[in-house]
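Everything on this sheet refers to the single structure shown next.
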Amino acid sequence: FRPTEVSFLGGIQPYFSTLVGGSELGPLVRGELGLQFPLSSHFSISAGTDATGMFYQFLNTNFSTWKFGLNTGVTFNF
């Protein structure tokens, strides 16, 4: 989701994305939240944070594992 009508501090735009999926081991979830700064109408840079979780069962006991990270990016719009 990229709310183009919401911008502040010189055009910085918030964004977020989510993912829900699964595998034979169990469900997976992922979320990302960040800010995108347009440098021109065709080029922008972004920075944000993300989290990914996996849930599984081993020997009838439920477990979860999580990964947290930071990300940066460059976007080219055509």
Side-chain angles (χ1 to χ4, degrees):
F1 174 70
R2 296 177 193 271
T4 56
E5 68 278 357
V6 177
S7 64
F8 52 94
L9 296 178
I12 296 175
Q13 300 173 335
Y15 71 89
F16 72 91
S17 67
T18 58
L19 169 81
V20 177
S23 72
E24 61 186 31
L25 297 176
L28 303 165
V29 295
R30 183 177 189 280
E32 182 178 345
L33 176 67
L35 296 173
Q36 184 170 340
F37 181 70
L39 299 174
S40 72
S41 62
H42 298 289
F43 179 71
S44 61
I45 57 175
S46 63
T49 183
D50 62 74
T52 304
M54 182 174 126
F55 305 92
Y56 59 97
Q57 190 176 68
F58 180 71
L59 297 176
N60 294 321
T61 303
N62 294 323
F63 294 94
S64 67
T65 184
W66 290 91
K67 178 192 84 78
F68 299 95
L70 300 174
N71 56 62
T72 59
V74 177
T75 303
F76 296 97
N77 298 314
F78 297 97

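Numbering starts at 1 and runs along the sequence shown.
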Rounded at 0.5 Å granularity, tell me how far [atom1] in [X] sits from [atom2] in [Y].
{"X": "Leu28", "Y": "Thr52", "atom1": "CG", "atom2": "OG1", "value": "8.5 Å"}
{"X": "Ser46", "Y": "Asn71", "atom1": "OG", "atom2": "CG", "value": "6.5 Å"}
{"X": "Gln57", "Y": "Asn62", "atom1": "CD", "atom2": "CG", "value": "5.0 Å"}
{"X": "Thr18", "Y": "Glu32", "atom1": "OG1", "atom2": "CD", "value": "10.5 Å"}

Please check if Leu70 and Phe16 belong to a single hydrophobic cluster, counting links between Ile, Leu, Val, Met, Phe, Trp and Tyr side chain heavy atoms closer than 4.5 Å.
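No, it is not one cluster - the side chains of Leu70 and Phe16 are not joined through contacts under 4.5 Å.
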Could you state whether Leu39 and Leu35 fall into the same hydrophobic cluster, counting links through intermediate Ile, Leu, Val, Met, Phe, Trp or Tyr residues with side-chain heavy atoms under 4.5 angstrom apart?
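The answer is yes; both residues are in one hydrophobic cluster.
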Are Phe63 and Phe55 near enough that their ring centres are under 6.0 Å apart?
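Centroid separation for Phe63 and Phe55: 6.0 Å or greater.
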Name the residue from Thr75, Ile45, Ile12 that meets the side chain to side chain contact (heavy atoms under 4.5 Å, CB included) definition with Gln36.
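Exactly one candidate clears the test, Thr75.
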Checking ring pair (Phe, Tyr, Trp, His ring centres under 6.0 Å) between Phe43 and each of Phe78, Phe37, Phe76, which is the one that passes?
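The single option meeting the ring pair (Phe, Tyr, Trp, His ring centres under 6.0 Å) with Phe43 is Phe76.
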Exercise: identify the closest heavy-atom pair between Tyr56 and Thr65:
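Shortest heavy-atom separation between Tyr56 and Thr65 comes out as CE2-CG2, 4.3 Å.
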Which pair of heavy atoms, one from Ser44 and one from Pro38, lies closest together, and at what distance?
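So the two residues come closest at CB-CA, 3.5 Å.
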Looking at Phe58, I want to see if its CZ is surrounded by more than 12 non-hydrogen atoms of other residues, nucleotides or ligands under 6.0 Å.
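Not buried by this count: 12 neighbours or fewer within 6.0 Å.
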